[in-house]
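Quick note on labels: first sequence line is chain A, next is B, and so on, each numbered from 1.
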Amino acid sequence: MTIQIPRGTYDVLPEDAVKWQKIEAIAREICALFNYKEIRTPIFESTDLFQRGVGDTTDIVQKEMYSFKDRGDRDLTLRPEGTASVVRAYVEHKLYGAPNQPQKLYYIGPMFRYERPQAGRNRQFTQFGCEVLGSADPSIDAEVIALALSFYRKIGLKKLKLVLNSLGDPESRKAHREALIAHFKPSIGEFCEDCQNRLEKNPLRILDCKEDHNHPLMVSAPSIVDYLNEASHDYFEKVKAILDGMGIDYELDPTLVRGLDYYNHTTFEIMGASQGAITTLMGGGRYNGLVSELGGPETPGIGFALSIERLLLALEVEKIELDADALLDCFVVAIGDPAEQKAPVLLNQLRQAGLRADKDYMARKVKGQFKQADRERARFVIVIGDEELDAQKAVVKNMADGTQENIAFDELTNYLKEKL
RNA sequence: GCGGUUAUGGUGAAGUGGUUAACACACCGGAUUGUGGUUCCGGCAUGCGUGGGUUCGAUCCCCACUAACCGCCCCA
């Protein structure tokens, strides 16, 4: 049997690669606008990094990591997300000491999670993410959200919903956590197995459970908003006020918990149009304890990550076409042996002059060569045959209007450049 | 990790336990001795996901495997 692509992966063929290029270009453009700088980190890291950074109780660490030992017996893992790596690099290169603070960073690259594939969920997928390290200013929270929305808007997506929540600072979280345990403990037996395990480890995530979503205790569960201390409450109010000022609509959802352990204060998601069950396009939040957790100084941080794959699905649902029209400037049609000898030479001259040019390589007849030129959306066709070689002139046909002219060989590039 | 559906050419898809596997699109060629997007005509699966089994015989029946899609869990 022929070898197949690994499960949960996919090839981006030329037709789609154009879309990827366009999306990536827009991401970089938006980041430049907001003054975010690119950072590139390795695709694998020490397994410890994710265990400590992402959190031992998360599904990602418990069952989704692509981990392996290398020949030097090191425990390594294909990165399941980008934040831990960025923070590791920030600490390792002491970027907290750099003069330009905060560090506003972005990345685009593949991530890996061992999951059951489905539309919008793959084992290798691509994230565009931003991280801001070193600032606890609420305007940064709003800026990061505004950046993501600007990106989607520039791409052309319309059906977007921003969902917002605050998990508060550690003190608030602790108070909430205790209230949650007190609330659920007496009747925890009525909940699913996962929730029973979550009770002591991370009761917050019980709220995230879909299975027991309709349980009366779920509805009456203590909400984080009632446990935010004054500082946390004020912070969240400021973030909301800035978003209001920017004219950004959002929906508050006190059950928006997010799956990674490092989040506190502001958390957010952007939902989009989708055919299936998966609607989350982007997720993020503040993680003020993560830098110190990974061995750096006490440093605030915030970031988001969004999936290019899901973005493409949303584009499909909204029926938005992204294709850049990559036209060919000219196509050389050769008739007869002498012309076929001449064609590659002529082609080379055209290309050296900066014209996007191609010819037939399938021994097609004249008609077939024209069809090929048409398929490639060539704007001009240059026809050469015995007569043209004798006269040192080519027939140049404008494919848009069908007109054609005789142009001397040494005038060709000038003529085309003028017309294009 | 669990449950469901599916698997025929480059693509979309019909189909039958028994010599040649519909049809459409795409592609190639011809009608137009050197001209595209229209029309007409012709060509185009030694093969029906992979591996076994049942059978005189299997693309069609059975089993396993693999993969895709959908749902659950969770997430981007």
- When we call it a touch if two heavy atoms are under 4.0 Å apart, what does Ala373(A) touch: a base, just sugar-phosphate, or nothing? nothing
- Message: Taking only side-chain N and O atoms of Arg7(A), does any of them lie within less than 4.0 angstrom of OP1 or OP2 on A68(B)?
- Response: yes
- Task: Treat primed atoms plus P, OP1 and OP2 as sugar-phosphate and everything else as base, then score nucleotides 36-43 of chain B 5' to 3': B for base contact with protein heavy atoms under 4.0 Å, S for sugar-phosphate contact only, - for none.
- Result: BB------
- Taking N and O atoms by type only, does the side chain of Glu115(A) place a donor or acceptor under 3.5 Å from a partner on the base of A76(B)? yes
- Message: Just to be sure I understand the rule, does Val383(A) reach a base, reach only the sugar-phosphate, or reach nothing, if contact means heavy atoms closer than 4.0 Å?
- Response: base
- Would you check if there is a donor-acceptor pair between the side chains of Ser232(A) and Ser172(A) at a distance under 3.5 Å? yes
- Query: Looking only at side-chain N and O atoms, does Gln404(A) come under 4.0 Å of OP1 or OP2 in U35(B)?
  - Reply: no
- Message: Nearest whole Å is fine: how far is G1(B) C1' from Arg113(A) CZ?
- Response: 17 Å
- Query: Picking from C74(B), C72(B), A67(B), which would you name as closest to the side chain of Asp59(A)?
  - Reply: C74(B)
- Message: Please report the distance separating the C1' of U6(B) from the corresponding atom of G12(B), rounded so that it comes out in whole Å.
- Response: 16 Å
- Task: Give RNA chain B the dot-bracket treatment, 5' to 3': Watson-Crick (N1-N3 with N6-O4 or O6-N4) or G-U (N1-O2, O6-N3) under 3.5 Å, [ ] crossing, | other strand.
- Result: (((((((..(((.....[....))).(((((.......))))).....(((((..]....))))))))))))....
- Message: Counting the atoms with a prime plus P, OP1 and OP2 as sugar-phosphate, which does Arg116(A) contact under 4.0 Å by heavy atoms, base, sugar-phosphate, or nothing?
- Response: base
- Query: Between Tyr235(A) and Asp169(A), is any side-chain donor less than 3.5 angstrom from a side-chain acceptor?
  - Reply: no
